[in-house]
Amino acid sequence: AVPFGLMLLLLPVAVDLLGTAAPQLQGLALGTASPVHHLLHRGPEYGAPGIALARSAAEEPAGFGGEERDAAEHHSGGYRVVQWEWSYVQNPYIIATWLLVASLAKICKSASGVCVCVCVCVCAFKKQIHVLLSALSSLYVHVQADLMDFLLFGALISAVDPVAVLAVFEEVHVNETLFIIVFGESLLNDAVTVVLYKVYISFVEVGAANVQTADYFKGVASFLIVSIGGTLVGLVFAVILGFITRFTKKVRIIEPLFVFLLVYLAYLTAELFSLSAILSMTFCGIGANKYVEANISQKSRTTVKYTMKNLASIAETIIFIFLGISAVDKSKWAWDTGLVSCTLIFIFVFRAAGVVGQTWLLNRFRLVPLDKIDQVVMSYGGLRGAVAFALVVLLDGEKVKAKDYFVATTIVVVFFTVMFQGLTIKPLVKWLKVPRATNRKPTINEEIHERAFDHILTAVEDIAGLQGYHHWRDKWEQFDKNYLSKLLLSKSKYRRSELWEAYQKINIRDAISVIDQVMKFNHLELRPVHEVPQSHRGSDTKEDGGDKPRRNVSWQDKDPMLFPMEPEDTKAEHSDPEKEEDVGIVFVAHKAETPKQRPKSVPAALDVCQSPPAVPSPPPSEDNHLPWKAGLGSPPPCVSVEATKIIPVDLQQAWNQSISSLESVSSPPALAEPVHPRISALSRLGGPRPASYTPPSSSTSVRAPGPQSPFCFLEKKKEVQEKEEEEEETGVSQELQPLMSNLRPPELLPPHPPPPPPPPPGPGRRRNPCVYLRSLVTAPPPGTSELHSRRPTQL
Amino acid sequence: MGSRASTLLREEEIEEIKKETGFSHSQITRLYSRFTSLDKGENGTLSREDFQRIPELAINPLGDRIINAFFPEGEDQVNFRGFMRTLAHFRPIEDNEKNKNPTASEPLNSRSNKLLFAFRLYDLDRDDKISRDELLQVLRMMVGVNISDEQLGSIADRTIQEADTNGDSCISFQEFIKASLVEANINNTSFNHLTKKIKILMGAFFINATEANLLNKLA
């Protein structure tokens, strides 16, 4: 995003200078710049640049639309079939085009793209540089400003900008602690900056001589009020939001609307009382996160997340465009070398000093101290951005005589920090070997042990009489469990267990990644199918591709969002009156566009199934070779992650098919790699099963051992459907439907003979990949009870 | 110790405790006053009831086990030395301590001793292995009533499978260490190995659903 920001800053410059070819555009750029400034003076404090831009664009029609309309009307007076409605669409058109160009720049973010743009801009800039140099020589005047003015300037120039920081750090991927520190600082800076700015503005207006000591205390008090007040407003709205989302089960589609509206209201309310609006929004989000995330549906979560990201991107774009435009508008700033250079040096030096000093203080209380490298990154990562610029532009030129100098300095500072520091921070981070964010896979062990350690430490703190971190955190969690969650979480979510959620997430993630790997390897795509309606259930078993339009969405395995829906109160029966609108994600394996020869006998295993427990009629005999038809009227095999649709699946048959065909085809190369413990671990996935699982009666017939066990790797725990009647909250248990839940014995013989029993399972060297996989799916080591061996395996 | 008169901890005892546990002087005196405040019977030792009187421990899922950890094998009373010895496991690790006395045995608060403490909480029968049942018990304590038995069972199964490297369906102390240390847990290359093999086999399996559709139609 930094090269992008760079480009955006330079774009208007380029536009300006190349604008001789397009007078209209240039006029537009400059024209927008000046109205913008005027508007800012009248507008709200931060002068939302986006709105200003829009408004300025709105003022354009006076200039251009009028001409065109006149020109147009000269042509004919009668009815015109097609008209040039530029003035009508001008405003949104211009804005959209700006955004489009800027976003296109993001696409060519590669080095070559940036180089091209920079070159263009530099060439265009040459002219500007001449202007600057001449200005330098003529304007070498010392700035007329006194202490108050400089205090004011210091207040606004020292604020670290969250937008810039976020843009930079998102690329760099430092470890979380560092990111939180810098980004949190920039967020909380808002309160400080707002207060200081207001305080100094009032001091400046009153005049330095009239400021009394009481005013200083009032300043401190107002800082406290602004920040704490903003936080409280945010928290109040967080509670409201959580409470509302508790009841939105029936209106899932407008859940994102609630989220947006309430957060926006939190912002506006804080502004209303002139409290810190950013803090209000931040804490609204922080406070509501846990409850809202649990209450709203998966799709609403996705909607909120990506809408906000898009909006943020737009806002960031507009801000940087605005900055660039303003940089070009020479009438608004005045250059003073001394001020600029001193500012640049001092912000760097004093930031570093501040960071070092405060870190020293903090390290006395921290368990994990912040070391030198962290401090370097923290001081280097303090980018100034649009906040400083907006504030400086809002200064009253009458009261603050040196405003133009301040504006110029701010522009230079912002340019410098964003471009130079932003671009160089990544190499710096690499050079310093800053610990990066780890993307490790979560494991169930970590979850369990983390919780256990927390409990242990809490207990020890209690025993020792310390009221340490764990003590208070535990107290908070008790409070949350007993009061807040009851109030803010919908009933079914309230009873969920975090450990179980974590477990399921891990399972699904594993399964998805493996399936996807396989799919990719075979040029298949696994596409989730959304909202296959219940009415289609009966006909689904036929799986005719043409009839029902399947809304397929391509999907990559790295998508962590595909966590299944958690319908409330759902049972296996479809007579559920409170059927979840949100049906979650069901997978369909489709062949990708590249055709590939497949042995006929190898079955296509995964179909979309919404099939009810009611079993479709037994297929005609010629379909026996299709494994999903082979069972006694067994429904097609399904990978159904969606909870309400439990589809008994006979993939075991299909599995045997594939094994046998593989062996006959012998297409895959023999892999002679030693079995990694992971493989053996997975082979034991086929192992222990829940003891109390009672398989459906049909599967009680004899099972051949070994390869007959379902492909455990893909199995999820089939929630005991029988149990669902007892449990009111079955949603959790229905998360993971087994791919192959029922171990239906191969009653109808497939055309190929069943594969011979495998060599004994267990880790060891294997030559035949089939045997490999068989070793994965084999029954657990003989030690385990046979009761286990029947169960579908859970991941 | 023993009599009430030793409410004032003797200097040499403080020194001994300091050497053994690494706590500072002030920490030891503070913990001693905590010890005496817990010691309602005023006999210089703590019993299980004394611990259970602490209100927060009652709601702690692992509270009972932790209390047990204070009491040495088979005893019902713990004196101040034992109290401190157990608490010493939770002192933060300080790297500079290692250099002080290389010949001494591993300090009580070393990482592996901390993990051993946690391990012993799971492993009740002290056979140096966490079996599935022991794990289930701990999980049940931590999780409460929201999860059914078999759900818990599947979690336990997976936990063991993740951690177990030698295939005995139990978690030994070494495996426990590795499983709880974050970085050592997932070896990406091994997973790639695995998936490479899997995909070859699964490729044959997950064939072409559209072909199946067509065939279905014909049926």
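Numbers restart at 1 for each chain; the letters A, B, ... are given by sequence-line order, proteins then strands.
Of the N and O atoms on the side chains of Arg158(B) and Asn445(A), not one donor lies less than 3.5 Å from an acceptor on the other residue. Donor-acceptor pairing under 3.5 Å is recorded for the side chains of Thr165(B) and Glu175(B).
We find that Arg81(B) and Glu20(B) are joined by a salt bridge, their nearest charged nitrogen and carboxylate oxygen being less than 4.0 Å apart. Under the 4.0 Å criterion applied to side-chain N and carboxylate O atoms, Asp157(B) and Arg132(B) are assigned as salt-bridge partners. Ion pairing of Lys475(A) with Asp462(A) is absent here, as no side-chain N (NZ or NE/NH1/NH2) approaches a carboxylate O to less than 4.0 Å. A salt bridge does not link Asp50(B) with Lys40(B): every distance from a Lys NZ or Arg NE/NH1/NH2 to an Asp or Glu carboxylate oxygen is 4.0 Å or more.
Proximity to chain A is limited to the side chain of Arg30(B), based on heavy atoms less than 4.5 angstrom apart. For Gln478(A), the part sitting under 4.5 Å from any heavy atom of chain B is the side chain, from C-beta outward, and nothing else.
Most heavy-atom pairs under 4.5 Å with chain B: of the set Asp474(A), Ile463(A), Leu457(A), Ile448(A), this distinction falls to Ile463(A). Per-residue counts of heavy-atom pairs under 4.5 Å with chain A were compared for Leu31(B), Leu38(B), Leu62(B); the largest is that of Leu62(B). Of all the listed residues (Ile54(B), Ile66(B), Ile171(B)), the one sharing the greatest number of non-hydrogen pairs under 4.5 Å with chain A is Ile66(B). In terms of heavy-atom pairs under 4.5 Å with chain A, the best-connected choice from Pro61(B), Gly63(B), Ala163(B) is Pro61(B).
Using a 4.5 Å heavy-atom cut-off against chain A, the contacting residues of residues 133-143 of chain B are Leu139(B), Met142(B), Val143(B).
Proximity of a side-chain donor or acceptor of Asp123(B) to a complementary backbone N or O of Asp128(B) within less than 3.5 Å is detected.
For Tyr122(B) and Phe176(B), the distance between ring centers is under 6.0 angstrom.
For Phe71(B), the ring-ring contact (aromatic ring centres under 6.0 Å, His included) test picks out Phe51(B), with sequence neighbours left out.
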